[in-house]
Structure formats: C-alpha cells, structure tokens
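Note on naming: letters A, B, ... go to the chains in the order of the sequence lines (proteins, then strands), and numbering restarts at 1 for each one. All values below come from the heavy atoms of this structure, side chains included, with hydrogens, waters and symmetry mates left out.
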Protein chains: 2
Amino acid sequence: MAVPQIEELELLHARICRAFGDTKRIQIMYALHEEPRHVTALAELLDTPQPTISRHLAVLRDRGLVTTQRDGAAVVYALSDDRVIMVLNLMRQILRGLLERQSDHLGVSESR
Amino acid sequence: MAVPQIEELELLHARICRAFGDTKRIQIMYALHEEPRHVTALAELLDTPQPTISRHLAVLRDRGLVTTQRDGAAVVYALSDDRVIMVLNLMRQILRGLLERQSDHLGVSESR
DNA sequence: TCCATGTATTCGTTTATGCGAATACGTCAT
DNA sequence: ATGACGTATTCGCATAAACGAATACATGGA
C-alpha cells in the first residue's frame with residue numbers, strides 16, 4: 001500500500017498541491033511567512049493589483065492554508081501552517097539538485 | 001529577503017510545483033517510489049491508458065523528476081530524487097491538520 | 001446617513017491542461 | 001525486412017485557471 005488510495009487522499013491532496021501551482025500564491029505564502037499582512041500590503045509588496053491578490057487569497061483561504069483576522073476595515077492574512085514553507089523550501093532544494101545535474105549533463109562549467 | 005526573487009526561483013519553482021498538480025502524476029511518483037517500473041506496469045497498476053501514463057511521464061521527465069533506463073523494448077522509470085515523496089508526505093500531514101481544524105469548526109464529533 | 005478606505009466578487013476573454021483516439025516510433029527476434 | 005511488443009507523440013476537444021476591468025460589499029468615522 002505504498003501508493004495511497006485515490007479517493008481519500010490523492011484527490012484532496014491535489015487540492016493542496018494546486019494551491020502551490022501559481023507563482024503569485026507562492027510569493028504570497030512566503031510574504032505571509034515573513035509576517036501577517038493585509039491585502040493592500042501584499043498588493044504593494046508584490047506589485048500586483050489588489051483584486052488579483054484577493055482572488056489568490058481566496059484560493060488559499062478556501063483550501064484552509066491561510067487564516068484571516070479583521071483589523072478595522074482591513075483584513076490581516078496569516079499562514080495557518082508554516083510547514084507549507086518547509087514544503088516550498090524542500091522543493092527548492094530538489095530543484096537545485098535537478099538544475100545541477102542538468103548542467104553537468106550539458107557539460108556546463110559550474111558557475112557561482 | 002524572505003520572499004525569494006521571482007526571476008531566478010519562483011518561476012522555475014512553479015515548474016516543479018505544477019508537476020505535483022495532477023493526481024495521476026502523484027500516484028505515479030508514489031508508485032515509482034515503491035520501485036522503478038516500466039510504462040506498461042504503471043498503466044496496469046493505475047488502471048490508466050498507456051498514452052496517458054506516457055504523457056504524464058513526459059511531464060515528469062521534462063522537469064527532471066524521473067530518470068529513464070531502457071530494458072529492451074521497455075523503458076524503466078525511476079524517481080530521480082526521493083525527496084519528492086518527503087514533499088508529498090509533508091503535504092499530507094498539512095492536509096490532515098487542515099481537515100481536523102475544519103471538522104472542529106464545524107462542530108463535528110471526532111471520528112476514528 | 002454618507003463617505004472614504006479596504007476588500008471581495010463578477011464578467012468576459014485568453015491561455016493552459018488533460019483526455020481519448022489514432023498513430024508514429026523504437027527495439028528485438030525471426 | 002517484417003512483425004510483435006512497448007513506448008511516445010499528435011490531433012481535436014472539453015474543462016479549468018488566471019487576468020484586467022469594473023463593480024459590489026464591508027467597516028469605521030464625520
């Protein structure tokens with residue numbers, strides 16, 4: 001049973017994975033890991049229209065990956081589980097390894 | 001610099017993340033973690049048409065997440081970095097946490 | 001209550017992604 | 001070379017996501 005059951009996990013699993021499938025959302029998650037922020041702050045930080053940020057936040061919210069807290073008219077978002085950053089960083093490590101191997105096979109001299 | 005630069009990492013990062021965005025590919029990765037398999041074996045195990053498996057493998061191959069090795073007319077695929085399974089399992093842990101909280105908020109009595 | 005600020009949603013369009021079906025390509029044995 | 005088996009690719013279609021633009025909704029103060 002190394003391959004988990006589709007019905008109970010894989011389908012929902014894909015729900016989580018999809019949240020990671022957009023660059024903007026990845027940025028948002030990193031930004032929220034730095035510190036909780038409200039929508040406008042995120043929009044300015046990422047140089048992105050506010051509605052776009054709001055829509056991405058809605059995705060993360062629907063999946064339960066972020067929490068909200070009102071602060072007057074503003075809404076402060078925060079990561080609900082910092083392990084998503086662990087996931088992202090692990091992925092970056094994997095990516096680095098892949099890129100290195102790729103460079104090796106191409107006979108590219110190591111830069112950096 | 002808690003929010004990594006887009007150009008160098010996030011965009012490529014999304015390349016990795018997208019590989020996780022399909023349920024079939026997740027199954028394939030788990031199946032390959034069990035043991036290297038050839039295309040037909042995967043197709044049978046996952047009860048999926050061979051061309052579909054091949055296309056998903058092409059995605060994983062393009063991203064460098066799997067390696068190939070010929071065995072006669074067959075091609076044996078293997079995970080190129082088992083840490084992808086760590087990523088997936090970590091995501092599952094996160095998912096479980098989210099589901100629990102969700103149940104709590106709904107006042108659902110704990111089953112299991 | 002009305003306004004200003006901040007946030008969320010809708011609409012229409014564009015782009016990407018996955019699939020079934022058919023087919024092409026590769027490898028090996030005869 | 002031909003055929004059988006295994007794998008990869010192409011085509012057309014259907015679905016899903018993301019975006020810009022416009023707009024609706026919510027909150028708090030005058």
Engineer: Taking 4.0 Å as the cut-off, does a side-chain nitrogen or oxygen of B:Y77 come that near to OP1 or OP2 on D:dA8?
Structural biologist: yes
Engineer: Just the rounded figure in Å: distance from P of C:dC28 to NE2 of B:H38.
Structural biologist: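 Roughly 15 Å, once rounded to whole Å.
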Engineer: Heavy atoms only, 4.0 Å cut-off, all strands: where does A:R18 land among base, sugar-phosphate and nothing?
Structural biologist: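 Counting heavy atoms under 4.0 Å across all strands, the contact made by A:R18 is with sugar-phosphate only.
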Engineer: Reckon B:P51 touches a base, only the sugar-phosphate, or nothing at all at heavy-atom distances under 4.0 Å?
Structural biologist: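 Base: the residue B:P51, judged by heavy atoms under 4.0 Å, touches a nucleobase.
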Engineer: Could you report the tightest heavy-atom contact between A:R63 and B:L98, atom names first, then the distance?
Structural biologist: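 Shortest heavy-atom separation between A:R63 and B:L98 comes out as O-CD1, 3.4 Å.
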Engineer: Looking at every heavy atom in both A:S80 and A:T67, which two are closest together, and how far apart are they?
Structural biologist: CB-CG2, 3.5 Å
Engineer: Rounded to whole Å, how long is the line connecting atom CG of A:D47 with atom P of D:dC19?
Structural biologist: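 Roughly 13 Å, once rounded to whole Å.
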Engineer: Just compare C:dG20, C:dC19, D:dT7 and give me whichever is closest to any side-chain atom of B:P49.
Structural biologist: C:dG20
Engineer: Considering heavy-atom distances to DNA chain C, does B:D22 or A:T40 have its closest nucleotide positioned more toward the 5' end?
Structural biologist: A:T40
Engineer: Pick the closest DNA chain D nucleotide for A:G21 and for A:G72 by heavy atoms, then say which residue is nearer the 5' end.
Structural biologist: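 The residue mapped nearer the 5' terminus is A:G21.
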Engineer: Using the side-chain hydrogen bond (donor to acceptor under 3.5 Å, both in side chains) rule, take A:S54 and A:Q50 through it: C-alpha gap first, then chi angles, then the decisive distance, then the call.
Structural biologist: CA-CA 6 Å; A:S54 252; A:Q50 172 269 320; 3.3 Å; yes
Engineer: Among the candidates D:dA26, D:dC19, C:dA8, find the nucleotide nearest to the side-chain atoms of A:R70.
Structural biologist: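 Looking only at side-chain atoms, A:R70 lies closest to D:dA26.
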Engineer: Give the rounded distance in Å between these two atoms: CZ of A:R55 and P of D:dA17.
Structural biologist: 14 Å
Engineer: Heavy atoms from C-beta onward define the side chain here; which of D:dT7, D:dC19, C:dA21 lies closest to that of B:Q50?
Structural biologist: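 Nearest listed nucleotide: D:dT7.
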Engineer: Check every atom of C:dT7, D:dT7, D:dT9 against the side chain of A:V39 and return the nucleotide holding the closest atom.
Structural biologist: C:dT7
Engineer: If you compare all heavy atoms of A:H38 against all heavy atoms of A:A74, which two are closest, and at what distance to 0.1 Å?
Structural biologist: CB-CB, 4.2 Å
Engineer: From C-beta outward on B:R61, which listed nucleotide comes closest to its side chain: D:dT9, C:dC19, C:dT9?
Structural biologist: D:dT9
Engineer: Which nucleotide in the set D:dC19, D:dA8, C:dT27 lies at the smallest distance from any side-chain heavy atom of B:A73?
Structural biologist: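 Per side-chain heavy atoms of B:A73, the pick is C:dT27.
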Engineer: Roughly, in whole Å, what's the span from NE2 in A:H56 to P in D:dC19?
Structural biologist: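 For the pair A:H56 NE2 and D:dC19 P, the rounded distance is 4 Å.
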Engineer: Give a yes or no on whether A:V59 and A:L57 share a hydrophobic cluster (residues Ile, Leu, Val, Met, Phe, Trp, Tyr; joining criterion: side-chain heavy atoms under 4.5 Å apart).
Structural biologist: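 No: no chain of side-chain contacts under 4.5 Å links A:V59 to A:L57.
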Engineer: Could you give the CD1-to-P distance, from B:I53 to D:dT9, as a whole number of Å?
Structural biologist: 15 Å
Engineer: Quick one: B:L57 CG to D:dT9 C1', roughly how many Å, whole number?
Structural biologist: 14 Å
Engineer: Nearest to the A:T52 side chain among D:dG20, C:dA8, C:dG20, which nucleotide is it?
Structural biologist: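 The closest nucleotide is D:dG20.
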Engineer: What nucleic acid atoms does A:S54 come within less than 4.0 Å of, heavy atoms only: base, sugar-phosphate, or nothing?
Structural biologist: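 Counting heavy atoms under 4.0 Å across all strands, the contact made by A:S54 includes a base.
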Engineer: Give the rounded distance in Å between these two atoms: CD of B:E44 and C1' of D:dG6.
Structural biologist: 11 Å
Engineer: Do the side chains of B:K24 and B:D22 get close enough for a salt bridge, i.e. N-O under 4.0 angstrom?
Structural biologist: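 Between B:D22 and B:K24 there is no salt bridge, as every charged N stays at least 4.0 Å from the carboxylate O atoms.
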Engineer: Check the distance between D:dA17's P and A:R25's CZ and give it to me in whole angstrom.
Structural biologist: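 Interatomic distance, CZ of A:R25 to P of D:dA17: 9 Å.
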